[in-house]
Amino acid sequence: MTTESNEPFSTGPAQVTAGVVGLGLMGCSIATCLLMAGHPVVAVAPIPSDLETAEPRVREHLRKSFDEGLCPEQPDFYLKNLTVTDDYGLLQNARLVIECTQEDLSIKKQVYQKIEAAVSPQTVITSNTSAIPISVLQQQTARPERFLGLHWAEPSHTTRFLEIICGDASDQRLAEWLYELSHHWGKEPTLVRKDIRGFITNRLMYALYREAFYLVENGYASIDDVDRACRNNAGYWMTLVGIFRWMDLTGVPAYHAVMKDLFPTLNTSTEVPKLIDDLVKSGGKGVQNAHGFYDYTPEEAHLWRETFEEFSYEIRRLALKYPVDVVKKKVAARKESDTPTR
């Protein structure tokens, strides 16, 4: 890279104009997160219908965030920094662009060409993909070294999750810049230094999904039983700690002993489970169309969406009470209180 590519490193978060390309469910919540962090946001809608729906979605996210105490100002304060457009040319001043389009390589390649035609050589371009390796995506660009992954979780303006992923050609300094910047977005980010399909969270979660389907399809448990087990076991501790800290807290040797006997019995199929295959082929989308693994009336589906949104704010408040360095802070506070005064 040229020395000019260092420009983003000296730019404070409030001065970084951010672009979001793709204004579906996640694109709108990502734009909301960036607005709340103080960024001017240029939101580009490749799909014409999103031009009408994007601003109302973002406004509603901001209204709810204000009501829940996530941001100190009313929506209009942030919306004055939002530009919704179908004109890629308005990305010309963006120092960061986040692509949130369909998981289709040919579509993404066309989008990257339009982005690169508009932005400066110093602009950092990222993808919110969860399925396509970053090393594959960056090869669709003219400057692969400035391309990285930013994997968000929905709803992006409330969750603290964010994965920053380096492709094979990514400049690691840009990854470090994004890592620091994302703290201003209220995230507790993870940095994936070597590209791998699925990154961290999807590789972990899809192993869990696969075993869940195996248990149901082979009659060991019902869908409801599997969900209940997840809620009351992993769901009980995962907001506080991750897998390795959990083993530290509950006794490492026990896990070592179980692994030797349990690992050989786990499902390792590479096929899509029949249960989800049949559901998708029959048109099932979950609460989006009231047709999923569970039966929903339209009202129940709507209430589940509302409940999930309420939960996302509540679980965020709980997680913020127990930050990753909670013990370090307690140790420091005790040392300070034990220090004799002169």
Side-chain angles (χ1 to χ4, degrees), residues 16-67 70-71 73-120 123-132 137 140-141 147 149-159 185 285-289 301-302 305-306 308-309 312:
V16 173
T17 296
V20 178
V21 179
L23 299 179
L25 189 67
M26 290 200 73
C28 287
S29 62
I30 291 171
T32 302
C33 178
L34 298 173
L35 288 169
M36 290 195 299
H39 296 280
V41 175
V42 177
V44 179
I47 300 175
S49 60
D50 288 341
L51 287 170
E52 301 298 325
T53 59
E55 195 270 352
R57 279 182 177 176
V58 173
R59 179 180 290 276
E60 178 58 21
H61 288 330
L62 290 168
R63 183 199 64 77
K64 183 69 172 177
S65 296
F66 174 78
D67 291 344
L70 262 68
C71 58
E73 305 290 345
Q74 293 278 4
D76 285 341
F77 175 85
Y78 303 99
L79 288 170
K80 65 187 180 185
N81 283 327
L82 174 66
T83 301
V84 178
T85 181
D86 60 358
D87 183 1
Y88 283 82
L90 297 186
L91 293 170
Q92 60 181 335
N93 294 322
R95 283 293 168 263
L96 168 66
V97 177
I98 303 165
E99 170 266 313
C100 306
T101 60
Q102 296 178 40
E103 295 286 64
D104 182 301
L105 188 60
S106 62
I107 291 175
K108 289 184 184 295
K109 182 176 182 178
Q110 294 174 32
V111 168
Y112 299 151
Q113 289 174 345
K114 293 178 181 178
I115 293 172
E116 289 193 300
V119 301
S120 78
T123 300
V124 179
I125 301 174
T126 67
S127 176
N128 182 43
T129 184
S130 60
I132 306 175
L137 290 178
Q140 314 306 311
T141 69
F147 189 98
L150 277 183
H151 183 209
W152 304 66
E154 181 64 21
S156 304
H157 59 296
T158 64
T159 52
W185 304 339
K285 297 181 179 179
V287 296
Q288 184 178 340
N289 65 350
H302 177 73
R305 288 195 298 269
E306 284 189 347
F308 175 57
E309 183 179 353
S312 70

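Along the sequence shown, residues carry numbers from 1.
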Are the side chains of [Y] and [X] in contact, using a 4.5 Å heavy-atom criterion?
X	Y	value
Thr159	Trp152	no
Ile125	Thr141	no
Met36	Ser65	yes
His39	Asn81	no
Leu91	Val44	yes

Distance-minimising heavy-atom pair for [X] and [Y]:
X	Y	result
Asp86	Ala45	CB-O, 3.8 Å
Ala118	Gly89	CB-CA, 4.1 Å
Ile30	Ser156	CG1-OG, 3.5 Å
Trp185	Cys33	O-SG, 3.6 Å

Go through the structure and list residues passing salt bridge (charged side-chain N to carboxylate O under 4.0 Å, His left out) with Glu60, not counting sequence neighbours.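 Arg63.
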Listed partners of Arg305 passing salt bridge (charged side-chain N to carboxylate O under 4.0 Å, His left out), at least two apart: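 Partners of Arg305 by the salt bridge (charged side-chain N to carboxylate O under 4.0 Å, His left out) criterion come out as none, since no residue qualifies.
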Quick one: ring pair (Phe, Tyr, Trp, His ring centres under 6.0 Å) pairs with a partner in residues 77-110, sequence neighbours left out?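 The answer is none; no pair qualifies.
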Could you tell me whether a side-chain N or O of [X] sits under 3.5 Å from a main-chain N or O of [Y], the two making a donor and an acceptor?
X	Y	answer
Thr83	Val42	no
Asn93	Thr17	no
Thr85	Leu90	no

Distance only, no hydrogens: is a donor on one side chain within 3.5 Å (strictly under) of an acceptor on the other, for Thr123 and Ser120?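 Per modelled atom types, Thr123 and Ser120 side chains form a pair under 3.5 Å.
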In Å and rounded to the nearest 0.5 Å, what is the [atom1] to [atom2] distance from [X] to [Y]?
X	Y	atom1	atom2	answer
Lys114	Asp87	NZ	CG	11.0 Å
Glu154	Asn128	CD	CG	9.5 Å
Leu62	Asp76	CG	CG	9.5 Å

Can you list the residues that meet the ring-ring contact (aromatic ring centres under 6.0 Å, His included) rule with His61, with sequence neighbours excluded?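 For His61 the ring-ring contact (aromatic ring centres under 6.0 Å, His included) partners, ignoring immediate neighbours, are His157.
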Would you be so kind as to tabulate the donor-acceptor pairs closer than 3.5 Å made by side chains of residues 49-58, with sequence neighbours excluded?
residue : atom : partner : partner atom : Å
Glu55   : OE2  : Arg59   : NE           : 3.2
Glu55   : OE2  : Arg59   : NH2          : 3.1
Arg57   : NH1  : Gly24   : O            : 3.3

Out of the candidates Val21, Thr126, Val124, only one should pair with Val97 under the side chain to side chain contact (heavy atoms under 4.5 Å, CB included) rule; please name it.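 It is Val21; the other options fail the test.
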Sequence neighbours left out, cut at 3.5 Å: what donor-acceptor pairs do the side chains of residues 98-105 make with other protein atoms?
residue : atom : partner : partner atom : Å
Glu99   : OE1  : Lys108  : NZ           : 3.4
Glu99   : OE1  : Tyr112  : OH           : 2.6
Glu99   : OE1  : Ser127  : OG           : 2.6
Glu99   : OE2  : Thr101  : N            : 2.8
Glu99   : OE2  : Thr101  : OG1          : 2.7
Glu99   : OE2  : Lys108  : NZ           : 2.4
Glu103  : OE1  : Lys108  : NZ           : 3.3
Glu103  : OE1  : Thr129  : OG1          : 3.0
Glu103  : OE2  : Thr129  : OG1          : 2.9
Glu103  : OE2  : Ser130  : N            : 2.9
Glu103  : OE2  : Ala131  : N            : 3.0
Asp104  : OD1  : Ser106  : N            : 3.0
Asp104  : OD1  : Ser106  : OG           : 2.5
Asp104  : OD1  : Ile107  : N            : 3.2

